[in-house]
Amino acid sequence: MPMLDINDNIKWTSEKEMNPSLMVNAALSAEISIQVKNLVKVYGKDKTIAVDDVSFNVGKGELFGLIGPDGAGKTSIFRMLTTLLLPEGGSATVNGNDVVKDYKKIRKSVGYMPGKFSLYQDLSIEENLNFFATIFGTTLEENYDLIRDIYIQIEPFKKRRAGKLSGGMKQKLALCCALIHKPTVLFLDEPTTGVDPVSRREFWEMLKRLKAQNITILVSTPYMDEANMCDRIALIQKGKILSIDTPAEIINAYPDILYKIKADNIYHLYLHLNEFQYTKSCFAFGEMLHVSFTKNMEEVQSELLNYLNQRGHQNVSMDLVIPTIEDCFIKLLSN
Amino acid sequence: MREIVIKTENLSKRFGTFTAVNEINFEVYKGEIFGFLGANGAGKTTAMRMLCGLSTPSSGSATIAGFDIFRDTDKIKKNIGYMSQKFSLYENLTVLENIHFFGGIYGLSNQQLKEKSEVLVNKLGLYQEVNKLVSSLPLGWKQKLSFSVAILHEPKIVFLDEPTGGVDPVTRRQFWDLIYEASDSGMTIFVTTHYMDEAEYCNRICIMVDGSISALDSAPNLKLKFKANSMDEVFYALARGAKRGE
C-alpha cells in the first residue's frame with residue numbers, strides 16, 4: 001500500500017465535515033430526526049469556542065455516538081439540542097422543530113439524561129418516576145412497556161431514596177425517567193462515565209433494545225471502545241468534529257499499515273521504537289504497542305530487528321493489527 | 001527473589017455486619033505496576049484506604065513499604081504517595097504554590113523544594129503556567145501535575161485511584177509515560193482504573209468481586225485462563241456474578 005502524504009490525511013477528515021448531508025446511512029431510514037448545521041457555541045468574556053461549526057444529521061431510529069474527551073463540546077451540543085442553551089451561530093432541528101423557535105414542542109417529545117445525576121435525591125425511585133410522569137401528563141402505567149426491562153431491575157428498591165442508590169442503579173433510574181413520556185428522541189450525555197465495565201455493557205444492551213423500538217438515540221461517551229456499539233459516530237475534540245461515519249468505515253479509512261509489537265520490557269521497547277528512524281507513530285495499546293512506519297515493512301524489517309537486538313530486547317513479536325477507533329482518534333488528533 | 005513492598009495476610013474490614021473486604025492476600029513487588037480492579041462496590045476503595053493507613057483493618061495483617069498497617073500508619077503515610085481524580089490539587093492555588101504546599105507537607109526543605117520545582121516544571125513544560133491557578137489548566141495537565149506532585153517526595157509506593165478519566169487518548173498515554181518512567185526508576189505503582197486497556201499496561205492485575213480477590217495474574221495469563229480476547233471479557237466473566245451494588 002502506498003504511503004499517503006499528510007495532505008491526503010487532512011482531506012480524509014475535512015471531506016466528511018463538509019458534507020454532513022451525505023453522511024446519512026443509506027441502510028437507515030431516510031427520515032432525519034436530528035439535523036445540526038454549522039452550530040456554534042461561545043462562552044464568556046474571553047469568547048471561548050466550545051462548539052465550532054459542527055454539522056451532522058441523525059436518522060430516525062439511529063444510534064448515534066458523539067465520542068470525545070472532556071472539553072470536546074459534547075455537553076454543549078446536547079444542551080443546545082435539548083433547548084437548554086442558545087447557540088451563537090448555525091441552526092439545529094429535532095423532529096423538524098427548530099431548537100430556538102419551537103423549543104416547547106421539542107421539550108415534549110425528547111428525553112434527556114444529563115451527565116450529572118439530576119434527579120431528586122430525596123425522593124424515592126417510585127416518587128421520582130411519578131413526578132416526571134406527572135410533569136409530562138402521563139403515568140408510569142401508560143408507557144410501562146417501554147421501561148419495563150430497565151425498571152424491573154430497580155423495582156425491588158423502589159422505596160429507596162435516589163441519593164442512596166449505587167451508580168449503576170442511579171443510571172437505570174435516570175434512564176427510566178428520561179423514557180417515561182415515550183420520547184421519540186433520546187439524548188444521553190455520558191451515561192456510562194465512571195460506571196464499571198459490567199454496568200456499562202448492560203447499559204448498551206438496554207440501548208439496543210430501545211433502538212429496536214425505533215427511538216432515535218444520541219449518546220456521548222469518552223470511552224472509545226463504546227464507539228463500536230453505535231450505528232454511526234462523530235469523533236469530536238476541542239469543539240470540532242474530526243470525522244463522521246460508521247465505526248467500520250472510520251476504521252477502513254485509517255491510512256497507515258499498523259503493527260502490534262511486544263517484547264519482555266515493553267517500556268524500553270516503547271522508548272526505543274519512538275527513537276527508531278522509520279517509526280511514524282508508536283502508542284501503547286494494552287500489553288502491545290501499535291506502531292506504523294514511514295517505509296514498507298519489507299524495507300524496514302531487517303533494520304528494525306537489528307536495532308531492537310542491539311538494544312537487548314528479548315522475545316520480540318510483531319504482527320499486523322486492525323486499527324481500533326482509538327487508533328483512528330489518535331491519528332486524527334495528530335493531523 | 002524480588003523485593004516485596006506490599007504484603008497482606010487475611011486482611012479484612014467489616015462495617016457492622018457487612019464485610020467490605022474479606023481476607024485478602026497478595027504481594028506487590030518493588031517497581032511493579034499493580035492494577036487493582038473491581039466493579040463498583042467490590043471493596044477496592046476500602047482496601048486501598050487500609051493500605052494507605054487511613055482505615056484500621058478489622059482483622060488480618062499487612063506491611064506497606066516495610067511498615068505495619070496497625071502500628072506504623074504515620075510512617076506509611078510518609079512513604080507513600082496518593083493521587084485520585086476526585087481530589088488532587090488545590091484549584092485556587094497556582095502551579096508553584098501546589099508544588100510547595102504538597103512538598104512542604106511531606107517535609108521537603110526549601111532548598112529541595114526549589115530544586116524539585118524547577119526539575120518538575122521543566123519536565124512537564126509548564127514554564128508559562130507556574131504562576132497560573134491550577135483551575136485554569138486543561139484536565140490532562142492537571143492530571144500530570146497531580147501525579148508529579150504525588151511522587152515529589154520520592155515515595156516507595158504511589159497509589160493512583162482512577163487517575164485518568166475524561167482525557168483524550170494521547171493525553172492519557174502521556175500520563176502513562178510518567179507511570180512507566182516512575183516504575184522504571186524502582187517506584188511501585190498501585191493503580192485502580194475502569195479502563196480495561198489500562199489494566200493491560202499493568203505488570204499484574206488483581207480483580208476483586210464482592211470483597212474477595214477473584215483473580216490475580218498478568219494480563220496475558222488471565223486472558224489465557226479465561227479464554228478471553230481482552231481484559232474486558234476477563235473482567236466481565238468474573239464480575240457479572242457480583243452480588244453487591246455500591
Side-chain angles (χ1 to χ4, degrees), chain A residues 67-72 115 153-154 157 160 164-171 190 192-202 222-225 235-238 242 262 265-271 274 281-290 324-334, chain B residues 33 37-42 44 85-86 138-140 142 162 164-174 176-177 179-184 193-203 205 207 209 218-220 222-223 229-242 244-246:
Chain A
I67 318 280
D70 285 7
Q153 300 176 55
I154 52 172
F157 313 98
R160 192 180 289 184
K164 298 277 182 199
L165 298 174
S166 72
M169 289 196 323
K170 276 183 181 161
Q171 182 202 43
E190 296 206 15
T192 55
T193 293
V195 176
D196 71 63
V198 173
S199 303
R200 273 170 57 194
R201 191 186 284 213
E202 285 173 0
Y223 295 102
M224 301 281 151
D225 57 340
L235 300 179
I236 180 166
Q237 164 91 339
K238 292 184 179 154
L242 305 172
K262 70 171 178 178
N265 188 327
I266 195 88
Y267 177 59
H268 289 171
L269 182 69
Y270 168 80
L271 293 178
N274 265 308
S281 70
C282 172
F283 289 99
F285 271 79
E287 55 170 330
M288 298 283 183
L289 302 177
H290 283 190
T324 64
I325 291 292
E326 194 155 341
D327 287 297
C328 298
F329 198 95
I330 290 174
K331 181 74 196 176
L332 289 163
L333 286 183
S334 73
Chain B
I33 305 177
L37 314 184
N40 296 335
K44 287 191 308 275
Q85 166 109 310
K86 286 175 201 118
L139 181 61
K142 277 187 209 169
E162 293 180 22
T164 61
V167 296
D168 71 71
V170 174
T171 307
R172 196 150 64 90
R173 281 171 177 75
Q174 289 168 352
W176 273 85
D177 288 350
I179 295 182
Y180 273 123
E181 191 189 351
S183 151
D184 202 48
T193 176
H194 278 328
Y195 288 98
M196 288 301 124
D197 62 327
E198 276 189 354
E200 299 199 31
Y201 302 159
C202 301
N203 300 117
I205 298 158
I207 300 180
V209 178
S218 68
L222 286 172
K223 284 189 275 187
N229 291 315
S230 66
M231 273 311 296
D232 201 50
E233 285 175 32
V234 172
F235 187 89
Y236 190 72
L238 282 167
R240 81 184 146 197
R244 277 173 13 193
E246 216 158 63

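In the text below, chain A, chain B and the rest are named by the order of the sequence lines, each starting its count at 1.
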Worksheet item: Under 30°, 30 to 60°, or over 60°: which ring-plane class applies to A:Y223 and B:Y195, parallel, tilted or perpendicular?
Response: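 If you compare the ring of A:Y223 with that of B:Y195, the planes turn out tilted.
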
Could you tell me which portion of [X] (side chain, backbone, both or neither) has an atom closer than 4.5 angstrom to a non-hydrogen atom of chain A?
X	value
B:E181	both
B:D184	side chain
B:K223	side chain
B:A39	both

Practice prompt. Start with the C-alpha distance between B:R172 and A:M224, add both sets of side-chain angles, then the distance that settles side chain to side chain contact (heavy atoms under 4.5 Å, CB included), and finish with yes or no.
Written response: CA-CA 12 Å; B:R172 196 150 64 90; A:M224 301 281 151; 5.8 Å; no

Worksheet entry | Passing option when A:P197 is tested against B:E233, B:M196, B:M231 for side-chain contact (heavy atoms from CB on, under 4.5 Å) | B:M196

Practice prompt. Heavy-atom distances under 4.5 Å only: say whether A:L271 touches chain B with side chain, backbone, both or neither.
Written response: neither

Item to complete: Could you tell me which portion of A:Q237 (side chain, backbone, both or neither) has an atom closer than 4.5 angstrom to a non-hydrogen atom of chain B?
Response: side chain

Worksheet entry | Greatest number of heavy atom pairs closer than 4.5 Å to chain B - which of A:M288, A:M169, A:H268 |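 Of the candidates given, the most pairs with chain B belong to A:H268.
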
Practice prompt. Mind ranking A:P69, A:G68, A:P222 by heavy-atom pairs under 4.5 Å with chain B and telling me who comes out on top?
Written response: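 Most heavy-atom pairs under 4.5 Å with chain B: A:P69.
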
Just how far is it from atom [atom1] of [X] to atom [atom2] of [Y], taken to the nearest 0.5 Å?
X	Y	atom1	atom2	value
A:D70	B:T171	CG	OG1	11.0 Å
A:R200	B:Y236	CZ	OH	12.5 Å
A:N274	B:D177	CG	CG	8.0 Å

Worksheet item: Mind checking whether B:R240 and A:R201 have side chains closer than 4.5 Å, heavy atoms only?
Response: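 SC-SC contact between B:R240 and A:R201 ruled out.
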
Item to complete: With the side chain counted from C-beta on, respond yes when B:Y201 and A:I266 share a heavy-atom pair under 4.5 Å apart, and no when they do not.
Response: no

Discussion item. With chain A as the partner, which of B:P169, B:G140, B:G38 has the greatest number of non-hydrogen pairs under 4.5 Å?
Written reply: B:P169

Discussion item. Could you tell me if B:R173 sits above the aromatic ring of A:F285, with its cationic atom closer than 6.0 Å to the ring centre and no more than 45 degrees from the axis?
Written reply: yes

